[in-house]
A.B. asks: 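One structure coming up, written as structure tokens, with questions to follow.
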Amino acid sequence: MSGRSTTSFWRNRSLLAVVALFAVFALVLQACSNSGGDGSGSSEGINERREAAGLQPLTDDQLMSAGLTYLPSGEHDPYVMFASGGHAGQVFVVGVPSMRLLKTIAVFTPEPWQGWGFGNIGTEEVLDSGNIDGREVRWADTHHPALSETAGDYDGEFVFINDKANARIAVIDLRDFETKQIVKNPIAINDHGGTFVTPDTEWIIEGGQYATPHGWEYAPIEDYETDYKGMITVWKFDREAGRVDESQSFAMELPPYWQDLCDAGKLVSEGWIFCNSFNTELATGSGEDGSGENFEAGASARDNDYMHAINLDKAVELAAAGTTFDVNGFPVIGLQTLIDEGVLYFIPEPKSPHGVDIAPHGDYMVISGKLDPHTTIYSFEKMIAAIEAENWVPDQYGVPVLDFDAVMEAQVELGLGPLHTQFDDKGYAYTSLFLDSAVARWSLGGENYRGDDGWKLEGSVPVHYNIGHLVAPEGDTVSPDGGYVVALNKWSIDRFLPPGPLLPQNFQLIDTVPEPSEKPETGGMTVMYDMPIGMGEPHYAQIIKADKLNPWTVYPEIGFDPATMSVDPNAPVSGNERIERNGNEVEIWMTAIRSHYTPDRVQINQGDHVTWHVTNIDTSFDATHGFSIPAYDINLSLEPGETATVEFVADMDGVFPYYCTEFCSALHLEMAGYFLVKPTE
Ligand code: RUQ
Ligand code: CUA
């Protein structure tokens, strides 16, 4: 926070950056000319080698990009990006600036490498908690990861993520990068504006999307205006327990507009949340008979939709006082109560908006309308003044709509299809332009940012192609870092060898260190690196300083159960391995260590009910063991110290060799056992 209040500070910082960049250039040039003789290490030498390998020669700019993104073996990235996995239902962990995929965290979807959902009852229970009315749902459309925050800054303790398709949210503990909880929203069947956290992670926001009747009960579409409902749910997060506390969470009933992205206020605006919306037209589609307009046209007819500004502090009081009604046993504050108690206000926002992003000081709300070339910046202070002056007219549901001109601070024309915005440490903002396939860099005005120099476009850089979100290091916190932007592109078209007609998505790393004046054609920005993602379409991402993460490399004690994050007193440990039989009940306590299981032969009878506990008693870095049983669909991944249990009825007779799926030692192939199921007849 310190020192970010004066523009002269920014100018000095910019000057420093220019000087530093020139120094780097000078070094590169010097290195090139020094070693030009024998060719090795120079751009000439590199290009000779490239040509021989059938690659294109590099320009000096490209050589610079390569040098700024390459990490020699063993060097770690200074930043880590958590990216949604889209309809893969997972979360990707990527090093920045190397853009190397470090892990895919299994969340809503079974994933065998991590042994997620293949018999380990700890993981099955987490997945089952996301079942809907007793039905197993084993995919998700993850959209917006949110790192936990302390005082508005990422603290590296947890990541949350929503499932747009089924309105669920998940909690991932960053001590072991494992999912601990999935919560199904009891009133909505889909969501979008989640997850976003309040500055101290007391609340996790989940905004709705396609309105349905509460509890997704049937109601005729003709009754859309009265029976269909929008919603925002706020989940109470219990940091101590590392879990959402459903008993203290609640929702708000909203008009059946399609709520979209949300963001939490911070600093001056702490205690408020903001969500944009579309389909204030109340379009209901065209139907079989072709009457009515399809959603594409119907939901974008009006010039304005409504940003929802919600006084969260007041809503929390109302919920605590029980001023709610029940939907599926979940408390909901009614729309009329929200209006009467001054909790909910609307602010007109340009045509078909997408994304609301709160500036680092909490003073501005930035909205972009997909069908408007401007980004619109609203002042929180002006919003409060308009509320106090009752400068509003009610909408069709009686919600006060604040006067646009009274609340708007500035509009900056950026280009076509502006979507999402991130911030840096120099008072610049970056907005994705979907239709232009570009990233625009612009300057925030006002005393907290670039003063009189602000509210103007600095330039744009083309990206490839169809950018959705973009992300900058700590770029949505109270103290963004700057230096990079990652464009999360929906299409890659010709960027990579086509692996069939389903093409990878494309993450592009952009250098934002140079000032706009140094490279006016692109506002100072350069695309440095392309990273294909051959999995679900990622939406949002967040980038945290790597040194804020402090994960375990082995579990703290032998017999540790990740489901409870504590030692399981019943865990097998060295010396107590055994098989106990009690009629049809067979219970096995087994240990795994390089390179054997104890016991390595288990004989039972067909039809026995088996409870099989396994502990990895290895305690060294990276000494993971697997445990797989063929045909029974069982596969565990046991990190050092971890214990897990599988439970099943051995209804198939036969001989089933079990083995370790991780190449853990020279005698890994010998890390096996026989599971013999003797037929009953
Ligand atoms: S989305 S491309 Cu956040 Cu789900 Cu905007
Ligand atoms: Cu343990 Cu292979």
Side-chain angles (χ1 to χ4, degrees), residues 83-87 113 115 140-146 161-165 167 169 190-196 205-210 258-263 275-278 352-357 366-370 417-422 431-435 437 439 463 465-471 476 486-491 505-507 536-542 590-598 600 614-618 620 622-628 635-640 642 657-673:
S84 70
H87 38 301
W113 170 58
D141 188 13
T142 54
H143 272 236
H144 307 102
I161 186 112
N162 71 311
D163 165 17
K164 167 173 164 148
I169 64 162
N190 68 90
D191 70 25
H192 192 218
T195 51
F196 297 88
I205 303 160
E206 181 191 20
Q209 181 111 96
Y210 310 116
W258 291 354
Q259 283 77 36
D260 199 32
L261 293 204
C262 302
D263 203 357
C275 299
N276 64 306
S277 69
F278 59 111
S352 300
H354 191 51
V356 49
D357 297 286
V366 179
I367 286 265
S368 300
K370 294 171 298 218
L419 300 180
H420 300 287
T421 298
Q422 291 268 299
T431 299
S432 49
L433 302 176
F434 182 86
L435 294 174
S437 279
V439 169
V463 295
Y465 303 87
N466 291 9
I467 181 174
H469 279 271
L470 76 179
V471 56
D476 62 0
V486 177
L488 295 98
N489 305 323
K490 309 293 184 186
W491 283 15
Q505 325 282 320
N506 189 9
F507 283 8
E537 175 187 318
H539 295 270
Y540 190 39
Q542 290 187 334
M590 182 173 85
T591 57
I593 190 167
R594 275 163 298 167
S595 313
H596 57 268
Y597 295 114
T598 309
D600 61 4
V614 199
T615 304
N616 176 355
I617 59 172
D618 256 304
S620 22
D622 217 355
T624 291
H625 297 292
F627 171 57
S628 62
N635 183 44
L636 309 186
S637 172
L638 299 150
E639 281 71 75
E642 178 175 351
Y658 53 90
Y659 73 96
C660 168
T661 44
E662 288 275 335
F663 208 127
C664 54
S665 68
L667 296 179
H668 149 82
L669 291 183
E670 287 76 358
M671 190 161 179

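As the structure lists them, so they are numbered: ligands from 1, and atoms in each ligand from 1. Worth saying up front: this structure is predicted, and the values here are computed from it rather than measured.
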A.B. asks: Considering only heavy atoms of His144, which atoms of ligand 1 have at least one such atom less than 4.0 Å away?
C.D. replies: 1 (S), 3 (Cu), 4 (Cu)

A.B. asks: Report whether any nitrogen, oxygen or sulfur of Cys660 sits less than 2.8 Å from atom 2 (Cu) of ligand 2 (N, O or S, backbone or side chain).
C.D. replies: yes

A.B. asks: Of all N, O or S atoms in His668, which has the smallest distance to atom 2 (Cu) of ligand 2?
C.D. replies: ND1

A.B. asks: Is the His144 ring parallel, tilted or perpendicular to the Tyr540 ring (thresholds 30°, 60°)?
C.D. replies: tilted

A.B. asks: Taking atom 2 (Cu) of ligand 2 as the reference point, name the nearest N/O/S atom of Glu662.
C.D. replies: O

A.B. asks: Could you tell me which atoms of ligand 1, counted from 1 in the order shown, lie closer than 4.0 angstrom to a heavy atom of Gly468?
C.D. replies: 2 (S)

A.B. asks: Using heavy atoms and a threshold below 4.0 Å, how should the contact between His354 and ligand 1 be classified: side chain, backbone, both, or neither?
C.D. replies: side chain

A.B. asks: Let me check your reading of the structure: within less than 2.8 Å of atom 4 (Cu) of ligand 1, is there an N/O/S atom from His143?
C.D. replies: yes

A.B. asks: Has Asn506 got a side-chain atom pairing as donor or acceptor with Asn489's backbone, closer than 3.5 angstrom?
C.D. replies: no

A.B. asks: Does the side chain of Glu662 reach to within under 4.5 Å of the side chain of Met671, using non-hydrogen atoms?
C.D. replies: no

A.B. asks: Give the numbers and elements of all ligand 1 atoms closer than 4.0 Å to a heavy atom of His192.
C.D. replies: 1 (S), 3 (Cu), 4 (Cu)

A.B. asks: Check whether any side-chain N or O of Asp163 sits under 3.5 Å from a backbone N or O of Ala165 as a donor-acceptor pair, and report yes or no.
C.D. replies: yes

A.B. asks: Could you tell me how the ring of His192 sits relative to the ring of His354: parallel (under 30°), tilted (30 to 60°) or perpendicular (over 60°)?
C.D. replies: parallel

A.B. asks: Do any N/O/S atoms of His469 come under 2.8 Å of atom 4 (Cu) of ligand 1?
C.D. replies: no

A.B. asks: Going by the order shown, which atoms of ligand 1 are within less than 4.0 Å of some heavy atom of Leu261?
C.D. replies: 3 (Cu)

A.B. asks: Kindly give the atom name of the N, O or S atom of His420 closest to atom 5 (Cu) of ligand 1.
C.D. replies: NE2

A.B. asks: Please examine the side chains of Tyr465 and Val463, heavy atoms only from C-beta on, and report whether any two atoms are closer than 4.5 Å.
C.D. replies: no

A.B. asks: Take the angle between the ring planes of His539 and His143 and call it parallel below 30°, perpendicular above 60°, tilted in between.
C.D. replies: parallel

A.B. asks: Indicate yes or no for a side-chain donor-acceptor contact from Tyr597 to the backbone of Cys660 under 3.5 Å, with no hydrogens or angles considered.
C.D. replies: yes

